[in-house]
Amino acid sequence: MANKVFAWLDERLGLTTIYNTVLDRKVPKVNWWFTLGSASAVLFALQAVTGMFLTIYYVPSPGQAYDSIQFIMNGVAFGWLIRGIHHWGASLMVIFVFMHMLRTFYYAAYKYPREFTWITGVILFLTTLGMGFTGYLLPWNQRAYWATTVGTEIAGTVPFVGSFINSVLRGGTDLSAVTLTRFFAVHIWFLPAVIGALIGVHIYMVIKLGISHVPDKED
Ligand code: HEM
């Protein structure tokens with residue numbers, strides 16, 4: 001029965017072809033450093049799932065943000081676990097993406113024909129940092145408030161356009177309810193959409209071009 005269902009779906013969706021192209025590709029002899037990209041993708045998925053659960057109770061308003069997080073930690077079943085995974089997952093993702101970037105640089109995988117994979121990677125790295133920056137404000141505690149005050153202040157020192165960037169980030173001259181809702185929107189909609197789409201392009205390139213090999217003497 002299961003075989004029949006599979007054959008029916010396979011004929012219509014081309015599941016075997018997808019499996020062969022995506023998962024059963026030939027790869028050169030590589031090492032553990034080549035697993036960091038996949039690890040980054042898994043961490044992104046983990047962040048997306050735990051983040052969705054957090055939005056069930058989190059309230060992005062100055063009056064309620066802090067208390068809603070206290071409630072997630074102490075009142076919601078396994079809330080502490082979901083928040084803990086999201087919290088540590090965020091730092092891990094930055095570390096893994098950075099190490100993956102170092103790996104591709106060290107093995108010169110950014111060269112022809114993989115320049116575009118590298119370019120999408122650079123944007124992925126910046127947007128991953130953006131996730132950390134926007135997420136940090138959401139607990140709306142003293143540390144979050146002042147870290148974001150300093151962060152947006154630093155952005156304000158960019159020559160010529162600094163004060164414009166600062167007021168776009170803050171939504172005014174100071175940190176306020178506007179800053180919190182805008183950071184929340186960017187954190188849960190804008191940046192994840194960009195990262196999701198870019199991971200799609202990035203992995204399409206990896207599949208299309210094949211993975212590079214560890215350079216040998218002839219290279
Ligand atoms: C969310 C972030 C990222 C994800 C999910 C991701 C995912 C992947 C995956 C699954 C691979 C296959 C090979 C491997 O795992 O090493 C790969 C390859 C590659 N990535 Fe990323 N990546 C990310 C960020 C970056 C960054 C920041 C850069 C560089 C600026 C980068 C540049 C590359 C390059 C050049 C390759 C081709 C490597 C080769 O063919 O050996 N990636 N990426």
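As the structure lists them, so they are numbered: ligands from 1, and atoms in each ligand from 1.
- Taking all heavy atoms of V97, V94, V30 into account, the minimum distance to atom 2 (C) of ligand 1 is reached by V97.
- Of all the atoms in ligand 1, the ones that sit under 4.0 Å from a non-hydrogen atom of S38 are 10 (C), 15 (O).
- At least one N or O atom of F34 sits closer than 3.5 Å to an N or O atom of ligand 1.
- With respect to atom 35 (C) of ligand 1, the closest heavy atom belonging to the protein is A109 O, 3.7 Å.
- In the vicinity of R103, heavy-atom distances shorter than 4.0 Å reach the ligand 1 atoms 13 (C), 14 (C), 16 (O), 38 (C), 39 (C), 41 (O).
- Those atoms of ligand 1 with a heavy atom of A41 less than 4.0 angstrom away are 5 (C).
- Taking the six-membered ring for Trp and thresholds of 30 and 60 degrees, H202 and H100 have ring planes more than 60 degrees apart, a perpendicular arrangement.
- Heavy atoms of V122 found under 4.0 angstrom from ligand 1 belong to the backbone as well as the side chain.
- Take the N/O/S atoms of H100: the one nearest atom 21 (Fe) of ligand 1 is NE2.
- Counting non-hydrogen atoms of other residues, nucleotides and ligands closer than 6.0 Å to CZ of R12 gives a total above 12.
- Heavy-atom proximity to I211, at under 4.0 Å, picks out these atoms of ligand 1: 13 (C), 39 (C), 40 (O), 41 (O).
- The environment of F105 atom CZ is sparse: at most 12 non-hydrogen atoms of other residues, nucleotides or ligands sit within 6.0 angstrom.
- Contact between F44 and ligand 1 is absent, with no heavy atom of the residue lying under 4.0 Å from the ligand.
- Near V206, with a cut-off below 4.0 Å to any heavy atom, the atoms of ligand 1 are 11 (C), 12 (C), 17 (C), 18 (C).
- For atom 3 (C) of ligand 1, the closest non-hydrogen atom of the protein is L124 CD1, 3.8 Å.
- With a 6.0 Å radius and a threshold of 12 heavy atoms from other residues, nucleotides or ligands, Y110 has its OH atom above the threshold.
- Proximity of a side-chain donor or acceptor of R25 to a complementary backbone N or O of V22 within less than 3.5 Å is detected.
- Aromatic ring centroids of Y58 and F184 lie under 6.0 Å apart.
- If you look at Y136 and F183, their ring centroids are not closer than 6.0 Å.
- When non-hydrogen atoms are compared, ligand 1 lies under 4.0 Å from the side chain of T104 (C-beta onward) but not from its backbone.
- Distances from atom 26 (C) of ligand 1 to the heavy atoms of G37, G121, S212 put G121 nearest.
- Taking a 6.0 Å sphere around CZ of F125, one finds it holds more than 12 heavy atoms contributed by other residues, nucleotides or ligands.
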task: Evaluate side chain to side chain contact (heavy atoms under 4.5 Å, CB included) for H187 paired with L191, printing each intermediate quantity in order.
output: CA-CA 6 Å; H187 189 77; L191 289 179; 5.9 Å; no
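- Taking the six-membered ring where tryptophan is involved, the planes of F34 and Y107 are tilted, since the angle between them lies from 30° to 60°.
- Of the listed options H202, R114, M101, H202 places a heavy atom closest to atom 31 (C) of ligand 1.
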